[in-house]
Protein chains: 2
Amino acid sequence: MDYLADLISVARGVAPAELVLRNAQVLNLFNGALESTSVAIHRGVVAGLGKYSGLSEIDLKGSVVVPGFIDSHTHIESTLLRPEELARVLVSHGTTTLIAEPHEIANVTGRAGLEYLTETSAGLPIDIFFMAPSSVPSTSPELETNGALLDLGAVKELLNEPSYIGLGEVMDYPKVIAGESGILDKIRSAKGRSIDGHCPGLTGFDLNAYLAAGPSTDHEATELKEAMEKISRGVELILRQSSVSKDFDRLVPLVNYITARRCLLATDDRTAIDLETEGGIDMLLRMAIEREIDPRLAVQMVTLNPAEHYGLIDRGSVSPGKIADLVILEDLTSVYIRMVFKGGLPIYDEGKLIIDVEAYNPPEAVLNTVRVSGVKPADFEIAGEDGAYRVIGYRPGLILTDTLIEPFHAEKGRIPSDLDRDILHISVINRYAKDVNVSNGLLNGFGLKRGAIASSVSHDAHNIAVAGVDSVSMSTAVNAVIKSGGGMSAALDDAVLAELPLEIAGLMSLAPYPDVILGMRGLREAAAYLGTELEDPFIALSFMTLAVVPSLKITDKGLVDVPRGKLVDLFIGREIKRAA
Amino acid sequence: MDYLADLISVARGVAPAELVLRNAQVLNLFNGALESTSVAIHRGVVAGLGKYSGLSEIDLKGSVVVPGFIDSHTHIESTLLRPEELARVLVSHGTTTLIAEPHEIANVTGRAGLEYLTETSAGLPIDIFFMAPSSVPSTSPELETNGALLDLGAVKELLNEPSYIGLGEVMDYPKVIAGESGILDKIRSAKGRSIDGHCPGLTGFDLNAYLAAGPSTDHEATELKEAMEKISRGVELILRQSSVSKDFDRLVPLVNYITARRCLLATDDRTAIDLETEGGIDMLLRMAIEREIDPRLAVQMVTLNPAEHYGLIDRGSVSPGKIADLVILEDLTSVYIRMVFKGGLPIYDEGKLIIDVEAYNPPEAVLNTVRVSGVKPADFEIAGEDGAYRVIGYRPGLILTDTLIEPFHAEKGRIPSDLDRDILHISVINRYAKDVNVSNGLLNGFGLKRGAIASSVSHDAHNIAVAGVDSVSMSTAVNAVIKSGGGMSAALDDAVLAELPLEIAGLMSLAPYPDVILGMRGLREAAAYLGTELEDPFIALSFMTLAVVPSLKITDKGLVDVPRGKLVDLFIGREIKRAA
């Protein structure tokens with residue numbers, strides 16, 4: 001029978017629904033009422049609310065029904081999980097729709113990785129929509145080597161694919177407000193679609209200019225005042241709580257009955273451990289309600305608002321014709337999730353995933369992306385003389401770094417690490433070429449007392465980054481990553497203490513999520529054994545290479561002075577002086 | 001210079017704006033604040049808010065700035081004005097964007113009339129977006145003759161045109177909830193676009209079914225309870241105040257901080273007289289504020305809400321990058337309009353239109369659409385014998401009619417009108433064929449004591465309808481309409497008392513709007529002289545032919561029993577009995 005005609009006859013009560021949820025209390029996001037009713041579900045959508053009968057019925061015993069959660073801005077790769085495993089985690093946290101920006105895998109593999117993600121996502125029990133990456137590479141081939149370029153033509157092609165609903169975070173806001181044609185052309189190509197912004201700290205005239213150019217969301221506001229200014233200028237404000245940047249509590253005071261409709265919630269970069277233990281969007285919803293946001297507004301922020309903003313008009317509410325993505329809550333205080341329905345099918349019930357998620361075999365193009373041959377300790381030694389050297393100053397919890405100037409005495413013509421000043425060696429190895437190309441630098445603030453940690457997750461070019469006390473440990477750690485075809489490792493001398501292979505583009509694991517979480521825990525414990533007090537030095541390391549966030553970073557090409565957008569030498573001179 | 005780069009440099013304050021509005025109080029729809037600032041306008045859009053300087057500056061002296069008003073649902077044809085003249089009226093009332101459903105002209109001329117409207121609209125100082133008519137003809141060729149058919153293919157083609165933003169009001173809700181494939185196919189063709197609904201009185205399971213099928217708005221709710229149920233089911237509720245149906249005051253109690261975002265305001269069918277004297281959307285905004293709706297919510301309902309619902313993402317707020325459609329108000333209490341800007345250009349200033357609106361010459365295809373040759377008195381005589389006859393029962397202020405059964409005595413083999421019972425003759429003449437085809441009926445409730453009134457505006461087929469006391473006056477009135485190529489007239493015996501030619505498709509006048517208003521006044525006065533106390537019997541007459549609204553109507557094919565969807569005889573039988 002014709003789909004619509006069938007749905008209509010069920011909605012009219014002429015034919016029975018496939019499923020009826022009885023004794024429901026539906027949180028009505030349109031009039032704010034908690035409505036005692038039944039929900040008729042047919043052909044994957046809500047046919048209607050009212051006294052329906054169904055071929056199958058479930059008594060919800062007064063539980064609260066809200067729409068499936070929509071995570072407004074995420075990076076799948078940052079979880080370290082392949083999409084199938086990520087879906088398994090998210091389902092139990094009520095997320096049924098993910099808006100993902102896949103620039104990480106695009107930086108490594110270009111279109112092949114994007115195709116892998118869209119194809120894998122097609123078979124999942126959650127819906128993943130993609131934003132076309134606008135900034136691949138994030139800098140230029142002069143500053144770093146990455147794996148692929150997404151030019152204007154590629155962006156236009158992606159925007160024509162059904163999985164892509166808009167343009168991904170326009171990160172290089174200095175280029176936008178400088179009026180550079182490259183990024184403006186990409187923005188123009190997305191005219192009429194959602195264009196995600198990314199403009200940390202931008203205010204005043206510069207904010208106006210950035211918004212006038214086209215981006216309409218921002219998830220980088222970290223201060224209340226900044227966020228309030230952004231919302232006043234029409235920004236669809238995404239309040240974020242990632243593993244790296246925990247902004248929600250600082251921003252939540254701006255949510256009220258007028259502003260709430262412009263607010264969305266997102267997890268951005270959140271690791272498997274954090275998702276599994278603390279939660280995802282469900283955690284944010286819980287936090288919002290704990291902070292005394294009207295639960296009706298809070299639920300709107302994770303359902304109706306993102307659906308409307310991103311043009312996902314088939315979802316976002318429990319009403320006739322909308323996809324039956326439903327979360328069944330114990331109540332609106334605890335936000336304890338009893339059940340989750342996706343497209344009318346129960347997929348999670350009282351703590352248990354009740355569907356199979358079939359694994360999708362990644363194509364060759366996203367495997368074996370680490371092409372560099374093995375390294376040796378000598379690759380990590382810094383030849384030098386006595387004098388002043390630039391040191392990357394890591395600040396706990398921040399992506400932004402300081403530029404430190406420190407004196408060093410050469411030992412046998414080499415510059416050693418210095419535990420007294422907490423200065424390690426940090427190196428980046430180009431993973432994309434077989435020949436070994438290494439750049440070496442100095443890093444303060446990581447706290448390792450011995451050994452080394454390495455990772456092929458290093459934003460955004462995702463070469464292999466390693467930080468360590470001695471060259472042997474660094475070499476061991478990097479060779480472990482290379483041998484795994486990408487991953488993370490911790491090493492001491494010639495022993496690998498812990499490792500987590502990330503076979504998919506060197507970013508995501510092939511393993512089931514519990515194994516990935518165990519692997520991450522093992523890495524953290526090994527790093528702690530090596531002396532650091534950082535909770536997750538691997539995440540910290542992965543951002544020491546991000547040459548679009550100030551001030552001093554390191555890539556495979558060398559040290560980058562980010563504000564000046566150019567490479568600088570490690571060695572400053574024989575005179576020791578402090579940085580300007 | 002590149003448009004975006006230029007705009008950005010102005011927004012950054014590097015280059016001066018074309019125009020700066022100083023001393024503005026901008027009603028910020030995002031955070032609810034009344035913000036004292038300047039508005040920089042460049043290249044037709046708002047570059048930014050803040051301390052800008054411009055090549056030209058206007059001191060607003062503390063006036064309130066709100067976005068240009070958006071009328072969410074209108075029929076241009078019902079104003080009787082051609083688009084150029086309508087624009088002149090609307091500009092002075094702050095409407096800068098119109099969402100129009102052109103099924104009236106489509107019923108007369110098909111695609112040619114639609115092309116005429118889109119082409120005319122392209123040159124106006126307001127923006128008109130169209131909804132593709134879903135129901136042309138509104139019934140079937142068995143029940144009435146209209147001028148054109150818009151089939152599925154035509155609807156699909158319209159939806160591909162840039163002026164068309166969605167599917168127009170899906171009026172035949174019984175067919176939708178019966179699952180008829182014709183209308184469902186049209187709905188399917190608009191998947192992902194806005195689909196306007198039209199479902200007077202629909203509730204419960206039937207409402208669920210209608211919404212599950214796809215329509216997402218409704219402007220036909222006339223009772224508070226009905227409107228509240230609709231909003232609870234996700235309907236984008238359009239509160240209407242037309243010339244015919246004045247619903248706003250009954251519905252406005254449902255507007256609150258949760259529901260307001262689902263509410264829009266519209267004028268639907270509003271004549272030139274009402275627009276000019278009472279206003280359009282500005283009147284509705286004023287009414288909302290008088291009824292103590294928070295002005296911020298009230299303004300959202302006529303700006304941000306329709307912009308978001310209909311995907312007009314380039315407008316709806318005073319913020320960077322949005323079209324500089326602005327209304328300058330004395331304050332938020334009187335809503336007195338001082339100035340109006342369209343795309344950054346002042347178009348109205350202190351009571352005066354300050355732009356020229358160029359007239360567009362209508363093509364032949366929309367002129368001379370009245371093809372019937374002249375009529376004679378004998379055409380309107382009802383041959384019959386003594387017995388019971390069906391009479392259309394008009395109810396003041398309603399489109400819905402009663403089915404009356406009344407006894408008549410034949411005079412010389414003819415059934416006469418009967419002033420004692422206020423029963424006139426009513427006839428409909430097929431305007432599309434040269435040969436005269438007339439159907440004759442009886443009408444109660446119009447109150448004419450002598451003479452006749454006629455109109456080529458008669459929903460939805462727009463044949464010529466005439467109501468009168470005697471056949472000579474009816475013939476005179478109809479011949480006046482025919483001679484004008486369409487229009488409205490009032491006649492007594494062989495004298496035309498008043499007429500208003502509507503040369504464009506027999507629906508809209510070629511004259512300037514003040515002349516049309518004078519013409520309408522003349523018609524009303526003539527009708528009053530003929531004895532009726534109805535304020536506008538021409539509008540009333542135009543709906544006596546609308547065979548989709550119950551219960552008894554008349555078309556060129558005869559009397560239509562609307563609920564049963566079939567033609568019925570005027571004569572019931574020799575036995576006089578009341579209707580079932």
Spacing of OH belonging to Tyr3(A) relative to NE2 belonging to His42(A), to within rounding of 0.5 Å: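 It is 9.0 Å, given to the nearest 0.5 Å.
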Just how far is it from atom OG of Ser134(B) to atom CG of Asp185(B), taken to the nearest 0.5 Å?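 Reported to 0.5 Å precision, the distance equals 12.5 Å.
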Test salt bridge (charged side-chain N to carboxylate O under 4.0 Å, His left out) on Arg261(A) and Glu308(A) and set out the steps. CA-CA 10 Å; Arg261(A) 66 188 278 188; Glu308(A) 290 191 343; over 6 Å; no
Per-residue contact mode, [X] against chain B (heavy atom under 4.5 angstrom):
X: Ser317(A); result: neither
X: Ala213(A); result: both
X: Leu211(A); result: both
X: Leu29(A); result: backbone
X: Leu7(A); result: side chain
X: Gln300(A); result: side chain

Which region of Arg262(B), side chain (C-beta onward) or backbone (N, CA, C, O), has a non-hydrogen atom less than 4.5 Å from a non-hydrogen atom of chain A, or is it both or neither?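 Contact with chain A: side chain only.
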Is it the side chain or the backbone of Leu4(B) that comes within 4.5 Å of chain A heavy atoms, both, or neither?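 For Leu4(B), backbone and side chain are both near chain A.
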I'd like to know if the side chain of Glu35(B) and the backbone of Gln25(B) have a donor-acceptor N/O pair within less than 3.5 Å.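 Pair absent, no side-chain N/O of Glu35(B) close to backbone of Gln25(B).
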Specify which of [options] makes the most heavy-atom pairs with chain B at under 4.5 Å.
options: Lys191(A), Arg188(A), Met228(A), Lys322(A); value: Arg188(A)
options: Gly179(A), Ala209(A), Gly321(A); value: Ala209(A)
options: Val26(A), Leu49(A), Thr259(A), Ile231(A); value: Leu49(A)

Out of Asp206(B), Leu184(B), Asn256(B), Ile177(B), which one racks up the most heavy-atom pairs below 4.5 Å with chain A?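 With the most close heavy-atom pairs to chain A, the winner is Ile177(B).
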If you tally heavy-atom pairs under 4.5 Å against chain A, which of Ser9(B), Ala260(B), Ser181(B), Ser232(B) wins?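 Highest number of heavy-atom pairs under 4.5 Å: Ser232(B).
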Please check if any side-chain donor atom of Asn31(A) sits under 3.5 Å from a side-chain acceptor atom of Arg296(A), or the reverse.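 Note: Asn31(A) and Arg296(A) side chains miss the donor-acceptor criterion.
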My understanding is that only one of Thr217(A), Ile70(A), Thr97(A) makes a side-chain contact (heavy atoms from CB on, under 4.5 Å) with Tyr310(A); could you say which?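 Filter result, single survivor: Thr217(A).
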Determine whether the aromatic ring centres of residues Phe205(A) and Tyr52(B) are separated by less than 6.0 angstrom.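 Aromatic pair counts; centres sit under 6.0 Å.
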Evaluate the side-chain proximity of Phe341(A) to Leu21(A): yes if any heavy-atom separation is below 4.5 Å, no if none is.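 Yes. Closest side-chain heavy atoms under 4.5 Å.
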Using the ring of each side chain (for Trp, its six-membered ring), is His198(B) parallel, tilted or perpendicular to His219(B), with breaks at 30° and 60°?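 The arrangement is perpendicular - the two ring planes meet at more than 60°.
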